[in-house]
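Keep in mind that what you see is a predicted model, and the values were worked out from it rather than measured.
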Amino acid sequence: MDKQSIKTYQEFSEKKFTKRVIFNNGSSTAFVLNFLPGQKLPVHKHPGADVYLLVVSGNGTIIIDGKENEVTEQDVIHTSDDEELSVINTSSEPVSMYVVLTKHSK
């Protein structure tokens with residue numbers, strides 16, 4: 001067993017959003033994304049993987065295939081490998097998201 005606290009990985013930077021990896025076992029990676037107001041994660045895909053996001057703190061906007069969705073604390077989002085994903089902190093408070101990226105088995 002390996003136990004971690006998300007609070008340890010909630011590190012923010014004035015320059016850009018931060019990504020802090022908690023676990024990486026090859027087929028799955030768990031990490032925390034941290035956004036100060038106005039910061040964003042550029043549009044991208046994760047071919048061959050599913051992505052699960054849990055909003056740990058704050059609120060903002062997640063954009064899936066060009067459609068904006070407001071998200072807030074405790075929301076859980078799933079995206080598949082063919083969906084384009086982007087996140088923007090549209091609030092005046094910091095936002096942290098716990099993310100698990102799981103590669104599809106071959």
To the nearest 0.5 Å, what is the distance between [atom1] ([X]) and [atom2] ([Y])?
X	Y	atom1	atom2	result
Lys103	Asp81	NZ	CG	13.0 Å
Lys40	Asn89	NZ	CG	12.5 Å
Ile62	Lys67	CD1	NZ	12.5 Å
Leu53	Leu33	CG	CG	7.0 Å
Asn34	Ser96	CG	OG	3.5 Å
Ile77	Leu85	CD1	CG	9.0 Å

Looking only at side-chain N and O atoms, does [Y] offer a donor or acceptor that is under 3.5 Å from a partner on [X]?
X	Y	answer
Asp50	Ser80	no
Thr61	Glu70	yes
Thr18	Glu11	no

Heavy-atom distance under 4.5 Å between the side chains of [X] and [Y], does that happen here?
X	Y	value
Val51	Val99	yes
Gln4	Thr8	no
Val71	Met97	yes

Any idea which heavy atoms bring [X] and [Y] closest together, and the distance?
X	Y	value
Pro94	Leu36	CG-CD2, 4.2 Å
Val100	Ala30	CG2-CB, 4.3 Å
Ser91	Pro37	O-CB, 3.3 Å
Pro42	Ser86	C-OG, 4.1 Å
Val21	Tyr9	O-CE2, 3.5 Å

Taking [Y]'s backbone N and O only, do any of them form a donor-acceptor pair with [X]'s side chain (distance below 3.5 Å, no angle check)?
X	Y	value
Asp2	Phe23	no
Asn25	Thr29	no
Gln39	Ser13	yes
Asn24	Gly26	yes
Asp65	Glu84	yes

Which ring-ring contact (aromatic ring centres under 6.0 Å, His included) pairs, counting each pair once, include a residue from residues 65-91, with sequence neighbours left out?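 Output for this query lists Tyr52-His78.
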
Which pairs, with at least one residue in residues 31-51 and sequence neighbours excluded, count as a ring-ring contact (aromatic ring centres under 6.0 Å, His included)?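 For residues 31-51: Phe17-Phe35, His44-His46.
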
Which ILVMFWY residues can you reach from Ile63 by hopping between side chains whose heavy atoms are under 4.5 Å apart?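 Members other than Ile63 - counting any ILVMFWY side chain reachable under 4.5 Å - are Ile88.
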
Shared ILVMFWY cluster between [X] and [Y], side chains joined below 4.5 angstrom?
X	Y	value
Val76	Ile6	yes
Ile64	Leu101	yes
Leu41	Tyr98	no

